[in-house]
Structure formats: structure tokens, C-alpha cells
There are 2 protein chains.
Amino acid sequence: MSLSYAILGLINYKPMTGYDLKKFFDDSINFFWSAQTSQIYRELKTWEQKGCIVSSVQASEKGPDKRIYSITEQGMESLKNWLSDMPDEVDEDNRNAFLLRLFLLSQLGVEELVFQLKKRLKKYRRDLQNLKDVEGKMQEYAHMIGKQEEVHFWKIILSRGFHDVESHIHWAEESLEYLENLPKDKPNLNN
Amino acid sequence: MSLSYAILGLINYKPMTGYDLKKFFDDSINFFWSAQTSQIYRELKTWEQKGCIVSSVQASEKGPDKRIYSITEQGMESLKNWLSDMPDEVDEDNRNAFLLRLFLLSQLGVEELVFQLKKRLKKYRRDLQNLKDVEGKMQEYAHMIGKQEEVHFWKIILSRGFHDVESHIHWAEESLEYLENLPKDKPNLNN
DNA sequence: GAATTCATGTAACTTGTTACATGATTTA
DNA sequence: TAAATCATGTAACAAGTTACATGAATTC
């Protein structure tokens, strides 16, 4: 399962708490992976039961005690095995709820489509800004995990994010233009 | 839930069987939505219980009897309501198992990364061909559901697919180039 | 004094996957 | 005669979401 190895892989960079993991997901790799707190703690529990990670409780300066998880030899072995046998076709999830809605939305009429595309365009521009923020933090994260050389590889992943957002923006702009030039008054669910 | 409305929306085009729906998912909207047979029949059952669709059994020329589902007035109402209240931020699922693997893969070394990116590039080129095939079938589908005007809107969705694949190809090519020009022999999980 | 951050979790539920079962007809 | 297509489902399980509970310390 991808999520469990995501967690193992992050802990392999550096020992972390469940809370740290949640933050890493939320404000750094969020553009290609996400996780709920409830899932994270669930996975941590099962990895620990398998002996792939160990935890120790430590008092925190602020707030409650922390439970810090570190990877074990066995965990590294597991991670390495998983990374090594990449399946021929990694089944990435293509599901896109917005595209689905848009696809069905044409049954409501063109104006709705235009309205939603305009809203989307704004969202994509916000996404672009968010990615720039992540880019800015990258160096910081690399320092945190103590591996400067990772930055080279992270740049590749981040660049994918930029390619994606830029292509979304172009698509939305093009589509709006296309719709503007369509003849009006098609029959739909409203009439 | 998106999947259930996807099903309702497709049935709204034209009465269909579970099998028809599965085919529609698989060879037409697969690039932004997918569904398992087991899910489809589950959702059909719950929509029917709610009175949003009705079914009638009909003998088939070939193979077993068909259960054909049609949308009801209530179902159209439901669909329209759902389409009308698009949430401000549609929570599309960004999870991408390949990107996650790639991100963690750098812990194994650069050669692995290069190898996987090359394989991916080939996959993206296959994706492009698949999309072209869908494009070819579009007219046919429009004819099947008896709504030629839908083609205009489907073109927008399809165009998104093309934008995506093309940006993936560019990204992979660029990233390979970037990796070729990196200094070699970084320490990793293997040493 | 209210909201945010730090920190860990549980419970109930929904959604998605994998594997199986059945059986006729058609095409290679 | 073997494989593919047509056609409908069930069962068991895995993964993901939502909502809740607790409570200290800090910032606005």
C-alpha cells in the first residue's frame, strides 16, 4: 500500500512523530499525496507491530508528550524492497472529481460551464502560488532532514507540479475561449 | 459521492445496464474516472432503492438477460441539484502513486530514477495514443446517446487529457536531461 | 477571552479493490 | 477448442473520510 510506504519513507529521512508526518503531507508533498491523521496513526501502529519502526516517548517543550518513531533495520529492508519492485504499470489514481463534474455539467447548459471554468482558473493560479511557496521551503526541509543532495530530486517532483498547474491554466483559458465562440441556446436539463 | 452521480449522470444520457456503464468508464472516461464492477452494481442498487432509477429485465440477443436502468423524475432532480451546488473547492484527489514512488526512489540512487523515468516516458506516449483512440470514438458515443451537441463539451474534457499527457511527456524529457547532467555517486540506501 | 498550535488518538462509516461464481454465445 | 465478449452479481477486505475527545501553551 502506497500510504504505508510513504510514511516509512519519510521516517527513513528522519525520526518523526505522527504530527510531524501530517505536517509534511499537508504542506510539502500535498500536491501528489495526502493523508488523514487517523490514517497516519493507524499505519504507524501496524508498522510498529511488524517491527519496521520503533517509538519512544519524549517530553515536549510545548504541549503534550511526543511519540517519536524511528525506522529499524527491518524497516529499511522493507522500504528498499518496495522501492525496488516498481510494478510495470503503477496504478496511479486518475480520478478527478472536478473533471467528472464538468463532464456532466454540460447537461445543465453552457453558462454553468463557463462560470465554473472561470472559478477554476482562479484556483489554478492559487495552486501556482502554493507551489512557489513549497519551492521556497524546499531548502528548509532539506536542511531539516539533513540531506542537501535530496534537493536535486525534489526539484524533479516539484517541476512536475509546475508543469501540471501550467497546463491546467492553459487548458482552462483555451476552453473558455472555445466556449465563447460556440452558438448559444442548446437544450438542457433546465428546459 | 462522485461515483454515484457519475452513474446517475450517465444513465441520464440514456438507459443502460451495469455492464454498459462499466464499458463507458473503461474505454471513454477512464482518463478522469474509473469504477469497479462491484462498485457499479452496489451503487445501482442504492439508487434504485432511493427511487432515482428504475430497472427492467430484458432478454438479450447474446448471453444472459439484461437489467436496464433508466432515470426517474426524482433522479433527474437529484442529479440537477448535485450539479448545481458545486462546492467552492472540489476536492479532487491528487494522489499519484508514481510520483510518490519517484519521490522516495531517490533514496535508492540516481540510476533507478533514470530507469523509471524512461519507462514512464514510454507509458505517456501510449497514453497519448489511447487518448487519440478515445477522440476517434467520440462521435460514435455521441451518436449512441443521441446527442450530437455533447461533442462540443466532451472536446473540452478530452482536450484536458491531451494537455495533461503532453505536459507529462515534456516533464519526463526535461527531468531525464536534468539527471544526465548531475554529478554521479551520491550515497544512498544501497551503500 | 478566543483562536491557533501542539499532540495523540478512537469509532463509525463510506468508498474502493480483489477475488470469486456462473453460464451462454461468438470469434479466432 | 480455447479465448473473448456478454452479463450479473456476492463476499471479504483494504483504504480513506468525518467527526469526536482531550488538554496544555501560546498568540491575537
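Just so you know, these numbers come straight off a predicted model, no measurement behind them.
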Under a 4.0 Å heavy-atom cutoff, the residues of residues 26-36 of chain A touching DNA chain C are none
Is the shortest side-chain heavy-atom distance between B/Asp164 and A/His168 below 4.5 Å? yes
Between the side chains of B/Lys123 and B/Asp127, is the shortest nitrogen-to-carboxylate-oxygen separation below 4.0 Å, so that they form an ion pair? yes
In whole angstrom, what separates B/Gln58's CD from D/dC6's C1'? 15 Å
Rounded to whole Å, how long is the line connecting atom CG of A/Asp93 with atom P of D/dT17? 11 Å
A/Ser4 versus A/Thr46: any side-chain heavy-atom pair under 4.5 Å? no
Parallel, tilted or perpendicular: ring planes of B/Tyr178 versus A/His152, cut at 30 and 60 degrees: tilted
Round to a whole Å and report the spacing from OH of A/Tyr5 to P of D/dA15. 10 Å
With each end axis built from five pairs of C1' atoms, what bend angle do you get for the helix from C/dG1-D/dC28 to C/dA28-D/dT1? Round to 10°. 50°
Closest non-hydrogen atoms of A/Gln39 and A/Ala35, given as atom of the first, atom of the second and distance, are OE1-CA, 3.8 Å
Return the set of residues passing side-chain contact (heavy atoms from CB on, under 4.5 Å) with B/Phe98 (not counting sequence neighbours), or none when no residue passes. A/Met86, A/Val90, A/Glu92, B/Asn96, B/Leu102, B/Arg120, B/Tyr124, B/Trp171
Return no unless some side-chain N or O of A/Arg95 is found under 4.0 Å from OP1 or OP2 of D/dG16. no
For A/Gln39 and D/dA15, is the shortest distance between a side-chain N/O and OP1 or OP2 below 4.0 Å? no
Checking A/Glu173 now: which residues fulfil side-chain contact (heavy atoms from CB on, under 4.5 Å) with it, not counting sequence neighbours? A/Leu121, A/Arg125, A/Ile169, A/His170
What is the distance, rounded to the nearest whole Å, between atom NZ of B/Lys22 and atom P of D/dC6? 13 Å
Side chains of B/Tyr19 and B/Ile40, heavy atoms from C-beta outward: is any pair under 4.5 Å? no
Just wondering, do B/Phe153 and A/Leu182 contact through their side chains at under 4.5 Å, heavy atoms? yes
How does protein contact run along nucleotides 3-14 of chain C, one letter per nucleotide 5' to 3', with B for base contact, S for sugar-phosphate only, - for none, heavy atoms under 4.0 Å? --SBBBBBB---
For A/Phe31, side-chain contact (heavy atoms from CB on, under 4.5 Å) partners two or more places apart: A/Leu131, A/Ile157, A/Leu158
CZ of A/Phe103 to CD of B/Glu150: how many Å apart, nearest 0.5 Å? 7.5 Å
